[in-house]
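Encoded as structure tokens, the structure appears first; notes follow it.
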Amino acid sequence: MAVAEGARLTPVELLVSLGRNPTTKTLLKIIILVLIATAAVASRLFSVIRFESIIHEFDPWFNFRATKYLVANGFYQFWDWFDDRTWHPLGRVTGGTLYPGLMVTSGVIYHLLRFLTVPVDIRNICVLLAPAFSGLTAYAAYLLTNEMTTSSSAGLLAAAFMGITPGYISRSVAGSYDNEAIAIFLLVFTFYLWIKALKLGSVLWGALCALFYGYMVASWGGYAFITCLVPLHAFVLVCMGRFSLRLYVAYTTWYALGTLASMQIPFVGFLPVRTSEHMPALGIFGFLQLVAFLEYVRSAVPSRQFQTFLYIGLGGIFGAGLLGLVGLTAGGYIAPWSGRFYSLWDTGYAKIHIPIIASVSEHQPTAWPAFFFDLNMLIWLFPAGVYMCFQKLEDEHVFIIVYALFGSYFAGVMVRLMLTLTPVVCVAAAIAASQLLDTYLQYKSPEVVDNKEEESTDGTSKKSSKQSTLRSASQPVVGIYTVLSKAFIAGAMTVFLLIFVQHCTWVTSNAYSSPSVVLASRMPDGSQHIIDDYREAYQWLRQNTKEDAKIMSWWDYGYQIGGMADRPTLVDNNTWNNTHIATVGKAMSSREEVAYPIMRQHEVDYVLVVFGGLLGYSGDDINKFLWMVRIAEGIWPDEVKERDFFTPRGEYKVDADASETMKNSLMYKMSYHNYASLFPPGQAQDRVRGARLPDQSPVLNSLEEAYTSENWIIRIYKVKDLDNVGRDHAAAASFERGHKKKKAIKKRGPRVLRVE
Amino acid sequence: MRFLHSFVTPLLLAAGAAQAASSWSFDDATVQVNGKKAAGTKEKFSETKQLSQPITISNTESIKILLVAKDGGKGKRPHQAFVVLQDELSGLEAPFPMTVKENGKAVVDIKYTDLPVQLATSSAPLKASVVLASFGSSQGLNKPVFSIAPKVDPNAAPLVYEKPLRYGKREAIHHTFRDDPKNPPKIISAFFVLAVLATVPALLVGWLSLGANVSHIQRALRDAPIAHGVFFGSLIALEGVFYLYYVSWTLFQVLPVISVVGAATFLSGTKALGEVQRRDSPGRGDYDSSQRKMCCGNKNGVDED
Amino acid sequence: MRSLVSFLLLALVASVQAISSSGGNRLLVILEDVAEKDGYSKFLGDLEVPYLYKPHHLLIASTTGRGFDIAYETPKSESLSLFHLGERSYDHVLLFPTKAKGLGPNLTPNVLLEFINAEGNILLALSGSTPVPSSLVSVLLEFDIHLPTDRQGLVVDHFNYDTTSASEKHDVLLLPTPGPLRPDYKHFFSLSSSGAPDGRERAGERSGVVAFPNGIGQTLGQGPLLSPILRAPSTSYSYNPKEESEAVDDLFASGSQLSLVSAFQARNSARLTVVGSADMLSNTWFDTDVKKVGEKTSIKTLNRGFAKAVSGWTFGEIGVVRVNWVEHHLNEEGLSNASNPKIYRIKNDVTYSVSLSEYSWDKYIPFTVPANDELQLEYSMLSPFNRLKLNPTISSEDSTTYSVSFKLPDQHGIFNFLVNYKRPFLSNVFEKNTVSVRHFAHDEWPRSFVISGAWPWIAGIGVTVTGWLAFCAVWLYSAPPAKGESKKKQ
Amino acid sequence: MAPKKPATATGPATTSASTLSSSASGQIDKIALNIVQHYQKTTPQRTKLIDTFMAFLVIVGGLQFAYCVLAGNYPFNAFLSGFSATVGQFVLTASLRIQTTEANKSEFPSVSPERFVPSVLFSGQLVQAIPKRILLTFVPSHRAFADYVVGSLILHFFCINFIN
């Protein structure tokens, strides 16, 4: 923006002279790109400024832990890492079940900086990795857009959009050290390379594309998006009769090398030839061989013969291939579509079949406002851009169109896939916007360069007009001759852009910058008050429990406990073992007598629950409770029943008329244990669910309260040992409370003689 | 004080014990199985003759035992008048005290439901014996009189007896391993190896038949000796590095070497291909190609670490 | 006086330790009236520290005195407290019958239970003639030991009683010394005819009787922590002497269900023994002549030996197993066999060994597993994958080493080596060692050239590469169709 | 595939059949014949060399696949790397062939300045160093070979790495 300020004052001639000189243009472009990158990075630092340089929410904590392990023990140890501090007692073959790209990247950066004798803490690298890459992403978006149109203003606009659009910032603020942080850059850059390879039909670019595709695979599970999109693009091209040998070269090179590259990742392994998600790519690969051969034949024989040949040969081969695929799938050599994949087609699927997936909030379908919230004005520039692509329909534009359709569907299905949509939105919107500006910023006739665009937002559009001469040569000029309309439209655009920037800044600073580890609240006097219960509790664990004390909690907190408290956990956010999670769910949702043996068997020492009732913190375990029940019910349908947790009238209540099952469930007891004692009689109430609680709080026999954080958000319970004299915990507890037995309790049924 | 008393009593009682004469006995004893509705037949038994076949009792019935206890021939009430049921297998036994009148008339009614669960579920018939004894000198009586066969009738909730936990050794467990994947017969492998290897000469022959040759090598070496030597050499070297990587090296040994050799390939490649270029179609340079090779060499390096 | 004694004790603590029980030697004896102790002088004498002031006599004397430092209290005295500043002030408590209904604030059920939880041992001597204090009743109920209703009951047996002393009341039972509860248990209470208790297997000749005068019987719950030491004969039964009925109507228990001397061992190996008859510990019955029903000759009671065995067991002088060390190591050549590594790999060969000693009266001796029993190692994650018999390998003069070698299952995870040896009358052995078992590392798989099945494919790659090089050569150096034969093919 | 196809196609030349099918098969024969003639006519010797190499790759790949079908795919990674090595090499070679065929020159337009400048300056930080003149003078066939070499090397590396 600074440039714009400066530029506004500069005289026209200077600009014109500058504009004429290609090297200056280059220089300006570089400057602008650098500025955009700076803006992108800067706007992601809100979280650091607001709070501190800390790793954010859940998954990043694991990535952070893994990175530390990698830095400490080296690459090969990392590769063979068997993690015995998660998924107790199963352990996790972490080295083989994660996407190493992120950790390896920051590891390399770390060692590089060390090599350059820059003393830097690995944590800071992890915190700042995402912003750094966002700069690169902006650059990649610039490149991609440049492939679409000849007007480099579009590219610069796209870069600017990409840099600051909230849809991308949401996953890449400083501290959200997650796979997406680098994956989006790789996504866009891979697409750029793909387009490049397609245009030049060169093995080299294809190989490059494959390499980056491999990097992408190493970094994010979302690589499947590329794996499906590129073949789709190729297929569409062929169907449009746009098959070209360039396509053949680019695609086959990409597929042959890319598939091999992806198979190098232990976690991916044989999937590319085993699962159906990857089959389209393979199919298209074969299909292209076929088509290429047909092309050759056509060049060889007269067309009539070719017809018959086509029918006979093609039909036969296609049928055979189809049969083969079906057969293999039936025979189990190829896995049918995985559950996550189904849930993309039928949003209801997950809820029924795989609650573990449905329970994740970011797997929910997107709400419409979210689109506007994340993309603001781009959302309406986007269709215009796609339309532009339709106008001059070349291979790369087909790609944008396909990507647009594909991406927007998935973004509608899953919130998190908004991320994959964002790049194409930026590109298309940029094309539209630049077209608009370029058209309306001609002064009167094409060749005279016009400087009114200085009112326009940032330097980007200025460049566009520098290009104008060149572009006017290439395409017919749309004549707008009244200065008024030009001024009006340009002004409007300017305002929109300004609003956009303002919106992005606002969203970033308010919505996406809080590291859900630390909560911020406003005091009555408006000052900010930090609620730090999580770290308080994790610190307590770290300092007051044995090194290998097993902590049982719902899986959301597994990574954080591992990362901050450094204690073994039963389940964590890497939800690879549904049964294990269901076991925890069962323990949480059943009576003490049932839960205790489970906890004994899993050697649980402490149980951690999150309870927002006192503070009105709505993301607590009671609100997640139903998911635990559902997941448990999925495995033990006859022991845990969701229905039992509702009142007869079908409500989910926690107050006096909650269902018995609910009141006896471990989770309920742990959440509300001693809670009523905080309040004067009859006043006890839960601020999240707005419920008035009974005065005597539930009794715990097999657990004892170990710790409760300042605002009661985290409550930690210790699992009692077996009773020393062999009573059950209820009896022992009642004895402690001073109820002496006078006589032995008569058991029902016939008497039983003692045998030795 | 107390133990003084316990000193004295033996002396006193020794006298009483001396003249031990009478002993306990019983007669006109009957046993009868009573169902819900119908009372079963009375069966008589005595000390001398016990019932031959066992009395069956099912879970709604009860057994009624009547007898007259006698001490030294005349009816008297003993302090201990039990009917003791014993499971002969496990040796477990359960006493059923009789209610006795002054005149020694004793009766007990044993319901099936009163049986301890081990006895009720016992497979062998239970030995029922009468125990009559009391204080004083007269000798007690403990005689098996009949046996009871508890029979579980199907249409009632079956009694289940789960053994209580007793410490002791437990049966051994041995883990069974998954069996390793097995190799195909070596012959087939060997045959295919040979077949695959055989294709190389075939390839060469094919080329020769098409008039392939390397006759330009002298020219090449003459025009750009180093370039060609190094270029082709480095290609072979790279493959050699790959081979070493396959055999023993680690990634970190390989990468530097690759980058070095790659650079060599690029530099020499520039010249070499240039030469080839001039040879085939005179007068055009092809630095571009080599440039691209370089960048790929580096890409290579970048993406593997 | 006691302070002087205890001072001397302190001075000689080392030598005293040598002969005191494995669980400490501070014994508190609680009687209704301290004077009563004379009635039990023999029994207590056996327990007492002999000749404290002549240490060099210790070993000689140790046959009669077992080195306990005994303190006497009455329930009422306020100086009586089992705990001092949260620490046990005594190691063992011996409670003789008291008349009072309650035992006062110092011996509430909670205190007694607390004492057990703090690994203190209690020997409880009851009597058929005095009602049991209610606090004892309720604490026994916590252990699932049941006493007759309204705290009173007398065990009689009209078929085998002592004709000399109880020809009328039949309340002095004469019992053979008990054999093992089960063939695979160690039995400590079967006395050889000489009356010397021996923990060794000495089945077969069990001559001699134990007199059980004027006692109260208990019934035991189903729990595994309980086990009867002395069970009543089948014809005996318990009744309430208070009620003047001629016959028993509501019967508390009879026969073998009626336990006369019962043992309870908590999870922390603290022991509580209920002796139904305090008199059987008294001097009177330690060795008197008794006569069985229908026998002319009278024999001596073995009460002294039995009392020694019971008290010895209760106070941890016998039946205490000690784990000296546990060790497991990798058992493969070429790899380091360091002791107790934190992590193994699946399919490793591993050796596990544990060394056990057993305390016998005054020293540790090698622990031997009873004939029909096994010491077992469980290798478990969630559920045992292996349960293997540990075999004795090395035996020194005071310990035996049991060990077993096996191949770890092909399942990675966090596993436990678990020796859980709980047996009645033996202190609990529970040794859990956790190890992580990892998967094959990337370089531990068989290499492809080792697998014969992979050869053709390796060859395939080789051929491809060779062919490719050749092709490059041809491409670079092949002259457009012309003569010239081809060399330099690799 | 190109060179192999005729051989297979000419195999089943069934004349003893109904007129319709015989006509169809006759068609096939004619087509195959045409292809073969066309191939021999138009293909330069260099391309034939490439084709031979491709044929060789097809055979090797076929053998490996046959072995997999016959003897099972126990070291699956070995099979994959072995087989995909040949496949990858095949497609790379095919690309080379395509790019070096005179007929396809049009498909691969020599890069024109105005199109290439941006991609030099931004797309290729890689290629900044290059004087522009080189980029303007641009030759597919040998650039193609260089690309081919690079691609193949990458391919080989992956295969070696994957077979363990």
Side-chain angles (χ1 to χ4, degrees), chain C residues 332 334-335 343-348 407-412 436-490, chain D residues 44-57 59-68 70-90 92-93 96-97 100 141-142 144-146 148-149 151-153 155-164:
Chain C
E332 300 192 353
L335 298 167
I343 187 164
Y344 286 111
R345 201 205 65 212
I346 59 173
K347 294 184 169 183
N348 272 149
K407 183 189 276 296
L408 298 186
D410 48 1
Q411 164 68 45
H412 58 71
S436 308
V437 179
R438 64 176 174 82
H439 58 295
F440 279 108
H442 71 281
D443 53 359
E444 286 170 333
W445 296 97
R447 293 300 306 275
S448 50
F449 46 74
V450 179
I451 306 166
S452 70
W455 290 341
W457 295 316
I458 304 173
I461 292 188
V463 164
T464 314
V465 171
T466 332
W468 179 74
L469 281 174
F471 174 72
C472 290
V474 170
W475 178 267
L476 286 174
Y477 306 120
S478 163
K483 70 213 67 58
E485 53 77 42
S486 62
K487 52 180 161 305
K488 183 185 183 310
K489 309 256 186 223
Q490 47 286 86
Chain D
Q45 182 253 10
R46 224 151 220 269
T47 319
K48 286 203 173 119
L49 293 182
I50 299 185
D51 292 339
T52 327
F53 186 49
M54 287 163 75
F56 157 78
L57 290 171
I59 295 168
V60 175
L63 279 172
Q64 300 191 20
F65 194 80
Y67 175 70
C68 172
L70 219 69
N73 59 0
Y74 156 36
F76 193 48
N77 58 338
F79 163 66
L80 279 182
S81 50
F83 185 62
S84 50
T86 47
V87 173
Q89 197 62 61
F90 177 82
L92 287 173
T93 322
L96 179 65
R97 181 185 195 280
T100 51
S141 87
H142 288 81
F145 183 70
Y148 171 72
V149 169
S152 312
L153 286 174
L155 177 75
H156 297 161
F157 179 80
F158 281 156
C159 292
I160 298 284
N161 188 27
F162 194 59
I163 198 171
N164 168 30

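First the proteins, then the strands, lettered A, B, ... as listed; each starts at 1. Every heavy atom of this structure was used, including side-chain atoms; hydrogens, water molecules and symmetry mates were not.
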Flag the pair [X] / [Y] as yes when at least one side-chain heavy-atom distance between them is below 4.5 Å, and no otherwise.
| X | Y | answer |
| --- | --- | --- |
| L63(D) | P456(C) | no |
| W445(C) | N77(D) | no |
| T86(D) | W457(C) | no |

Residue pair [X] / [Y]: nearest heavy atoms and the distance that separates them:
| X | Y | answer |
| --- | --- | --- |
| P75(D) | A454(C) | CG-CB, 3.7 Å |
| A85(D) | I461(C) | CB-CG1, 4.2 Å |
| Y67(D) | S452(C) | OH-O, 4.4 Å |
| V474(C) | R46(D) | O-NH2, 4.5 Å |

What part of I451(C) lies closer than 4.5 angstrom to a heavy atom of chain D: side chain, backbone, both or neither?
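The side chain, not the backbone.
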
If I measure from the heavy atoms of chain C, does [X] come under 4.5 Å with its side chain, its backbone, both, or neither?
| X | answer |
| --- | --- |
| F53(D) | side chain |
| L80(D) | neither |
| Q89(D) | side chain |
| L57(D) | side chain |

Any idea how W468(C) and Y148(D) line up, ring-wise: parallel (<30°), tilted (30 to 60°), or perpendicular (>60°)?
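W468(C) and Y148(D): tilted rings.
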
Pair F471(C)-T52(D), side-chain contact (heavy atoms from CB on, under 4.5 Å): steps then yes or no:
CA-CA 10 Å; F471(C) 174 72; T52(D) 327; over 6 Å; no

Residues, nucleotides or ligands: over 12 heavy atoms within 6.0 Å of F76(D) CZ:
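Buried by this count: over 12 neighbours within 6.0 Å.
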
For chain C, the option from T93(D), I163(D), V60(D) that forms the most heavy-atom pairs under 4.5 Å:
I163(D)

